[in-house]
Protein chains: 2
Amino acid sequence: MELSERQKKIVEIVKENGPITGEHIADRLDLTRATLRPDLAILTMAGFLEARPRVGYFYTGKTGSELLTEKIKKFKVHEYQSVPIVVKENVSVYDAITTIFLEDVGTLFVVDDQAHLTGVLSRKDLLRASIGQKDLSAIPVHIIMTRMPNIAVCRKEDPLFEVAEILIDRQIDGVPVVKDKENGLEVVGRITKTTITKAFVELVTDTDQHF
Amino acid sequence: MELSERQKKIVEIVKENGPITGEHIADRLDLTRATLRPDLAILTMAGFLEARPRVGYFYTGKTGSELLTEKIKKFKVHEYQSVPIVVKENVSVYDAITTIFLEDVGTLFVVDDQAHLTGVLSRKDLLRASIGQKDLSAIPVHIIMTRMPNIAVCRKEDPLFEVAEILIDRQIDGVPVVKDKENGLEVVGRITKTTITKAFVELVTDTDQHF
């Protein structure tokens, strides 16, 4: 539903000052009570406001959604990131596959001799390489990895939901958490779809603990 | 913070009847105002209640979390599920890998001739099979798949967050949405970590649209 400018103002006033009577809302807008009556009726029917006799109007229903949005927007990458698993550029595809199983992760990050991020290897990249190739232990990962600058990265103070958006928009499973160094990026963590799924579960289970 | 039984009762009363005065809360509990004063002070300081002069006590701060929890608990599998990609049991591992790339999914479901669910194939299963095996086109998928009854399934009316919990607890990427048939389960959808990540993003972006 689209609210008129005046209706938005009313909601703002009630949000800030509620419970507040119709008279007081009218005063603040320099309008008569009668002028506001249809707006207040619409806002009440639509569930934006709730009216209680002899007390006034409340901003109720939507507060939950707003608080929720604000709460989720405050989740930071560093509160959720896991340990990154990195391999060197000259490691073989075979060894990378072994590492991905040993560490039980979906994404590996590739670094050069200065430990700077140069590439990303997903299970999908490794699966693609593993079919049709003769000798996986003869191919270094830098041949098949997705390489800088085509890699999505995030930093520890970024909001978690922005990284979730990147995962969806770019159709990838994981993003490295990086720290800026003089000549490149150091990998300090990882955020994956598993991280986001865990955060989603915590949204439900953590709030149960208030009681 | 742990609330006493009496404090929990007060919160419940304010939640149901707020705004409500201290006197009225005391009446409902058959106690004096003076007895309740310390409890009300604690609940107000802790942010469970808010007091407004000449109006009474509100249940405010935690409503957001509660509404959030309730909202997320209402998300149903069928509102979020994607189309399942299925293969027959005698399809080769090579063809399954081709399918996983063509369809761009992370999980395939395996069915028998009656189209009943018999197994699940993840990228991880296929990657494991693809290294060390000589001829992937000679191995049928039923050799390497995870098979019934060791498969986690969900149904379309299940809460989405319960499936998210299954994904985390069992460390899997996807779960089939099934329908009960006379002699087995029909696969009608899929829920994956991508589904949950999308739902997480929507929590933030959808609520923005109220204004």
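Here is the naming used below: chain letters follow the sequence lines, and residue numbers restart at 1 for every chain.
Atom NZ of K76(B) has more than 12 neighbouring heavy atoms from other residues, nucleotides or ligands inside a 6.0 Å radius. Sparse packing is recorded around NE2 of H24(A), with 12 or fewer heavy atoms of other residues, nucleotides or ligands lying under 6.0 Å away. Other residues, nucleotides and ligands place no more than 12 heavy atoms under 6.0 Å from the CZ atom of R28(B). The local environment of CD in E79(A) is crowded, with over 12 non-hydrogen atoms from other residues, nucleotides or ligands closer than 6.0 Å. For E157(B), the CD atom is densely surrounded, since the number of other residues' heavy atoms within 6.0 Å is greater than 12.
No side-chain heavy atom of T98(B) sits under 4.5 Å from any side-chain heavy atom of I131(A). Inter-residue side-chain proximity for L127(A) and I97(B) is flagged as met; some heavy-atom pair is nearer than 4.5 Å. For the pair I72(A) and F200(B), the minimum side-chain heavy-atom distance is below 4.5 Å.
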Worksheet entry | Stepwise side chain to side chain contact (heavy atoms under 4.5 Å, CB included) check, T205(A) with E165(B) | CA-CA 10 Å; T205(A) 47; E165(B) 283 183 319; 3.6 Å; yes

Item to complete: Given side chain to side chain contact (heavy atoms under 4.5 Å, CB included), test V204(A) with K73(B) step by step and report yes or no.
Response: CA-CA 7 Å; V204(A) 179; K73(B) 281 187 175 168; 3.4 Å; yes

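For the residue pair V201(A) and F161(B), the shortest heavy atom distance occurs at CG2-O, 4.3 Å.
If you measure heavy-atom distances from Q171(A) to chain B, the contacts under 4.5 Å come from the side chain alone.
Taking OG1 of T197(A) as the start and CG of D173(B) as the end, the distance is 9.0 Å to the nearest 0.5 Å.
Using a 4.5 Å cut-off between non-hydrogen atoms, the part of residues 117-124 of chain B that approaches chain A consists of R123(B), K124(B).
By number of non-hydrogen pairs under 4.5 angstrom with chain B, the leading residue of L126(A), L167(A), T194(A) is T194(A).
At distances below 3.5 Å, at least one donor-acceptor pair connects side-chain atoms of R52(A) with backbone N or O atoms of G18(B).
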